[in-house]
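To keep things clear, I will list the structure first and then write my remarks on it.
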Amino acid sequence: MMTRRRSSAFPKVVIERDTDSEESSSSDDEGEDGPEPETSEEEEEEEEKEQEGGEGLPERGSGVGKEETLVDVKKKGKAPITISLKKVCKVCKKPGHEAGFKGATYIDCPMKPCFLCKMPGHTTMACPHRVASEHGVAPAPHRNTQNPVEYVFERQLIPRTRQCKPAYVIPNQVSCAVIRYHSRRVTCLEFHPRNNNLLLSGDKKGQLGVWDFDKVSEKVVYGTIHSCILNNMRFNPTNDGMIYSSSSDGTISYTDLETGISSSLMNLNPDGWQGPSSWRMLYGMDVNAERGLVLVADTAGLLYLVDTRSNNETGRAVLIHKKGSKVVGLHCNPVQPDLLLSCGNDHFARIWDMRKLEAGGSLYNLTHKRVVNSAYFSPISGTKILTTAQDNRLRIWDSIFGDMDSPSREIVHSHDFNRHLTPFRAEWDPKDSSETLAVVGRYISENFNGTALHPIDFIDTGTGQLVAEVMDPNITTISPVNKLHPRDDVLASGSSRSLFIWRPKEKSDFVEKKEERKILVCGKAEKKKPGKNVGNESEDDSDCDGFNSKGKRSKFSKKELICKSKRKVKH
DNA sequence: ACACAATGCAGCC
DNA sequence: TGGCTGCCCTTGTG
């Protein structure tokens, strides 16, 4: 049975009066078929329907779920109006086709460019980049403009380094725990640097959750640290009982995790709300341990430095991105404390020398086609860069000492949804010594046995291949926030209001990178409805370890795990 | 079952 | 430049 995800509103009825003037809307009618008037089979069908319907106007809320348009067929003179009904595409408003969910599969509007790679001429379903078993995530064609050194590096050095470094491993099977206590969407996650089971989570309301995911009863939520979106958290490198957090309320808070007592290190809106034009928010934040600095950046393009010893702002704010544009992220190089990476709404990621911070003084400007959601140095050597941009591409620069003019690879990946959800950010696996594995949530859904699911993807940034995808048939929401544990084999995901902890079922249950990608499906679908939202998380967390929405212990049943099965998705 | 809002950005004038 | 509109797979609430 085909179930629409959501049937459309009342049928939109457009009645065009018969006039002598040329109406542009009537030429929209047939698209390529030129100026009307042959009546297609479809139209005839619809006409019959209309006659049955008596008045010709569909009843309000008739539940048909199709948008229909009454199109008058023009005739010369004052001939009676002939009316035909047509299906109209919700996306482009043109007749002849429909876009939307058919069961758990989304049908693209053929008039629009591919939803995934943004190129015209094909739909998402036919996109060569489509995340499907036959294709995988294809890397963009590598430019053939390598210089000889780079060529030698690629051909000789990289294979050798791979021999001495173990390839990353991925779990063979996973289990999942769910916890709900955020009342707004999750915006950031951070693992404790020493305590392996401690996870911090921030939400859109500014609440900070501290929880032990082995003993889920031990959780604390601090609700008064910030008044709106908690965008970033960092542990104090010299005292891991304290965290810095930046928020859209324009403040940096310095919070004791035991007591929840916090002090404000900075406030960009000391006079309170004076309207949206003057309100400033802090998005990017990082800590530079060597220099004893907290770095934050605001929605006006400015970078601020706070001395961690005095807890006071130091120096002057520096314009690091286009004036008036939001700086989305900051990352200090893990090896070279003088290097800073920033990214912003001006479509750039920029590399800075901390010793020469001044407007326009960046070392490199990495161009993107859209807003850059995140930019990270690789976690161990700090020589690679991974960015996530809203043009549905992950970009990798293989070496900051090499050619920085254009990325070494672009990987098409669906993550371009920017409102209503926390922006997607691809992150490195901090445990992967080869610095190739990255994790990122996926926006576009995949029809998994009749359920539209949004997996979390593990991508080999060296090849662009999708090596594993994690999903649970009972988790139908999108998980834009993902964090891999710095030491353990744990993935934490943040969705709308829930947190998920994914772990390999068995400690030793790992496989090295293989040609075929792993599909890690956790649990079985609760066969409720064959539509998209099978097993809505809001009502169905009973099958998961953890808590239900009231914070009580829910039924503790081990999930049954399916995996390594070849995917059976019908499109 | 459906309407609606919260919400960020791009493109237009 | 700034204000306005529109937007293709959201998600929870009323």
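Chain A is the first sequence line, chain B the second, and so forth, proteins listed ahead of strands; every chain is numbered from 1. Quick note: numbers below take in every heavy atom, side chains included, and nothing from hydrogens, waters or symmetry partners.
B/dA6 atom C1' lies 15 Å from atom CD1 of A/I478, rounded to whole Å. Taking atom NZ of A/K322 as the reference point, atom C1' of C/dT1 lies 11 Å away to the nearest angstrom. Between A/F101 atom CZ and B/dC2 atom P the separation is 16 Å, expressed in whole Å. Summarising the geometry, the separation between CZ on A/R497 and P on B/dA6 is reported as 13 Å, rounded to the nearest angstrom. When rounded to the nearest whole Å, the span between CE of A/M125 and P of C/dC9 equals 14 Å. Following rounding to the nearest Å, A/D391 (CG) and B/dG8 (C1') show an atom-to-atom distance of 16 Å. As rounded to whole Å, 14 Å separates atom C1' of B/dA6 from atom CG of A/D203. Here C/dT11 presents its C1' atom at 10 Å from NE2 of A/H454, a figure rounded to the nearest Å.
For the side chain to side chain donor-acceptor pair (under 3.5 Å) test, residues two or more places apart in sequence or in another chain that qualify with A/H226 are A/S245, A/D249, A/T251. For the side chain to side chain donor-acceptor pair (under 3.5 Å) test, no residue two or more places apart in sequence or in another chain qualifies with A/S253. Remark: A/K112 engages no residue in a salt bridge (Lys or Arg N to Asp or Glu O under 4.0 Å) (not counting sequence neighbours). With sequence neighbours excluded, the residues satisfying side chain to side chain donor-acceptor pair (under 3.5 Å) with A/N365 are A/R350, A/S362. Looking at residues two or more places apart in sequence or on another chain, you find a salt bridge (Lys or Arg N to Asp or Glu O under 4.0 Å) between A/E427 and A/K483. Under the salt bridge (Lys or Arg N to Asp or Glu O under 4.0 Å) criterion, A/R184 pairs with no residue at all, not counting sequence neighbours. Applying the side chain to side chain donor-acceptor pair (under 3.5 Å) test to A/T299 and every residue at least two apart in sequence or in another chain returns nothing.
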What nitrogen or oxygen pairs link the protein and nucleotides 9-12 of chain B at under 3.5 Å?
residue	atom	partner	partner atom	Å
B/dC9	OP1	A/N345	OD1	3.2
B/dC9	OP1	A/N345	ND2	3.1
B/dC9	OP2	A/N345	ND2	3.2
B/dC9	O4'	A/N418	ND2	3.2
B/dA10	OP1	A/H347	NE2	3.4
B/dA10	OP1	A/R370	NE	3.4

Filtered N/O pairs between nucleotides 4-8 of chain C and protein, under 3.5 Å:
residue	atom	partner	partner atom	Å
C/dC7	N3	A/R419	NH1	2.9
C/dC7	N4	A/R419	NH1	3.2
C/dC8	OP1	A/K112	NZ	3.4
C/dC8	O2	A/Y106	OH	3.1
C/dC8	N4	A/P113	O	2.8

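Donor-acceptor pairing under 3.5 Å is lacking for the side chains of A/S479 and A/S493.
Using cut-offs of 30° and 60° for the angle between ring planes, the A/H454 and A/Y443 rings count as parallel.
Once the 5.5 Å centre distance and the 30° plane angle are applied, the aromatic ring of A/H420 is found stacked with the base of B/dA6.
Between C/dC9, C/dT11, B/dG8, one nucleotide has an atom nearer to the side chain of A/I229 than all others, and that is B/dG8.
Atom name P, nucleotides C/dG14 and B/dT7: the rounded distance is 16 Å, in whole Å.
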